[in-house]
Structures are given as structure tokens and as C-alpha cells.
A.B. asks: 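Mind looking over this structure? Questions follow.
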Amino acid sequence: MATYTLPELPYDYAALEPVINPQIVELHHDKHHAAYVKGANDTLEQLEEARDKEAWGAINGLQKNLAFHLSGHILHSIYWHNMTGDGGGEPLAADGVGDLADAITESFGSYAGFKSQLTKAAATTQGSGWGVLAYEPVSGRLIVEQVYDHQGNVGQGSVPILVFDAWEHAFYLQYKNQKVDFIEAMWRVVNWQDVAKRYAAAKERADVLLLAH
């Protein structure tokens with residue numbers, strides 16, 4: 001039985017138009033995300049075989065593969081729910097996401113400052129990667145991370161709550177090489193209700209991170 005499975009999309013392929021066209025959503029979910037799920041499961045099987053045979057010659061590559069594919073699966077699983085055709089705008093208390101809005105202001109000085117930082121982090125990622133808003137449990141603040149591939153350059157213990165996919169497969173068929181245009185457009189489909197739920201859940205789990213003082 002596979003450990004990881006591809007989650008169904010929470011909407012149909014056309015739900016994010018015109019920001020993301022149906023062809024991209026279908027290929028991105030059904031092919032690219034599916035490949036990360038398969039890669040994680042395949043790597044777990046290979047690690048099981050290595051344990052059974054006490055054959056550790058490929059351990060470094062297997063551990064790297066597991067981190068890559070599993071992180072790709074996790075980030076994409078968040079990504080789909082972070083978006084909605086009815087999204088966008090600024091998170092406001094009037095919409096029931098006041099705690100998130102306050103945390104953004106406290107952590108970045110203003111919503112505008114946060115938006116600018118996450119946009120630049122995602123749009124200037126060298127090669128393949130993500131721009132991520134994460135809850136950092138040591139300080140209890142929100143931080144922006146510029147993630148290389150799916151797993152590199154990440155603060156340990158931080159919980160991603162809003163992710164912008166800056167890999168070319170996320171936008172190239174529609175935006176060509178204009179990554180910054182895609183990231184700017186992404187703000188029109190952000191599902192702040194989902195981001196707020198992830199923020200609340202991350203805060204509740206923060207006490208499981210035990211630190212030596």
C-alpha cells in the first residue's frame with residue numbers, strides 16, 4: 001500500500017482562470033504533482049530494500065530523493081488549497097481573517113511590505129523553487145522563505161502556510177519566461193481563508209517543538 005497518494009483538486013481545472021489556465025492546472029496536478037508522489041513512494045521502497053539487505057551504498061542519494069519528492073508533494077498539496085477563483089485582495093478582519101492580518105502587520109510592518117517581500121522572493125528564485133510564507137515557532141512570527149527546489153534553504157521547524165510555485169511548469173505555457181508576471185497574478189487567487197486556517201493550526205502545534213535553552 002502506497003504511503004502517499006495524490007490528493008484530488010478542490011476545484012475543476014478551469015476554476016483559476018484567467019490567472020492560471022486549465023491546461024496548466026491539469027498538467028501541473030496530474031503529471032508533475034503525481035510524479036512527486038510516485039517519487040516519494042518509490043524512494044521509501046528503495047530505503048526499505050536497503051535496510052533489508054544492509055546495502056547502504058546509495059544512502060545519500062536516497063535521502064536526498066526522499067526530501068525532494070516528499071517536500072514537492074507537501075508543498076503542492078498546500079498550493080492547490082491556497083488558491084480559489086474567488087480569492088485575492090487583502091486579508092481583512094471583516095472577512096474573518098483578522099488574526100492572520102494582524103500577524104502579517106506585526107511580522108512585516110505592513111501588508112504592503114509583506115506582499116512585496118514574498119513577490120520578490122518568489123520571482124527572483126534562481127532556477128526552480130518557491131516563495132513561502134511560513135510560521136516560525138521559535139519566535140512565533142511569520143517569515144518569508146525562498147525555497148530552492150522543494151526543500152533547500154528552509155528554516156527547520158517552520159510551517160508553510162502560503163506557497164507560490166515558481167517552477168517553470170507552474171506558469172510557462174501561459175506566461176512564457178515572465179515569472180514575475182505570474183507571481184503578480186497569483187495574488188488575485190490567494191485563498192486567505194485557507195491561509196488563516198493554516199496559521200491558526202501552526203500556532204496550536206508550536207509547543208511540540210522542544211528547544212534547549
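We count residues from 1, following the sequence as given.
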A.B. asks: Are M186 and T119 close enough that some pair of their side-chain heavy atoms sits under 4.5 Å apart?
C.D. replies: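 No; the side chains remain at least 4.5 Å from each other.
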A.B. asks: Only one of I161, L75, D194 passes side chain to side chain contact (heavy atoms under 4.5 Å, CB included) with N82; say which it is.
C.D. replies: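 In the set I161, L75, D194, the residue that makes a side chain to side chain contact (heavy atoms under 4.5 Å, CB included) with N82 is D194.
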A.B. asks: For Q174 and F182, indicate whether the former's side chain and the latter's backbone hold a donor-acceptor pair under 3.5 Å.
C.D. replies: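 Not confirmed, Q174 side chain does not pair with F182 backbone.
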A.B. asks: Using only atom types and a distance under 3.5 Å, with no angle test, would you say the side chain of Q151 pairs donor to acceptor with the backbone of L66?
C.D. replies: no
A.B. asks: Parallel under 30°, tilted from 30 to 60°, perpendicular over 60°: which one fits the rings of W130 and H76?
C.D. replies: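 Perpendicular, since the angle between the ring planes exceeds 60°.
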A.B. asks: Go through the steps for F164 and V132 under the test side chain to side chain contact (heavy atoms under 4.5 Å, CB included), then give the verdict.
C.D. replies: CA-CA 6 Å; F164 282 6; V132 173; over 6 Å; no
A.B. asks: Please say which of Q146, H150, E145 ends up in a side-chain hydrogen bond (donor to acceptor under 3.5 Å, both in side chains) with Y148.
C.D. replies: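 When Q146, H150, E145 are each tested with Y148, the side-chain hydrogen bond (donor to acceptor under 3.5 Å, both in side chains) holds only for Q146.
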A.B. asks: Taking only residues two or more places apart in sequence, or in another chain, which ones meet W192 in a side-chain hydrogen bond (donor to acceptor under 3.5 Å, both in side chains)?
C.D. replies: none
A.B. asks: Going by the angle between their ring planes, with limits at 30° and 60°, are H33 and H29 parallel, tilted or perpendicular?
C.D. replies: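 Ring orientation of H33 relative to H29: perpendicular.
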A.B. asks: Between W167 and H28, does the ring centroid distance fall short of 6.0 Å?
C.D. replies: no
A.B. asks: Under the side chain to side chain contact (heavy atoms under 4.5 Å, CB included) rule, collect the residues that match up with E26, sequence neighbours excluded.
C.D. replies: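 Y13, D30.
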A.B. asks: When you measure from the side chain of S116 to the backbone N and O of G113, does any donor-acceptor pair fall under 3.5 Å?
C.D. replies: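 Not a single qualifying donor-acceptor pair exists.
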A.B. asks: Are Y4 and H69 close enough that their ring centers fall under 6.0 Å?
C.D. replies: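 No, ring centres 6.0 Å or more apart.
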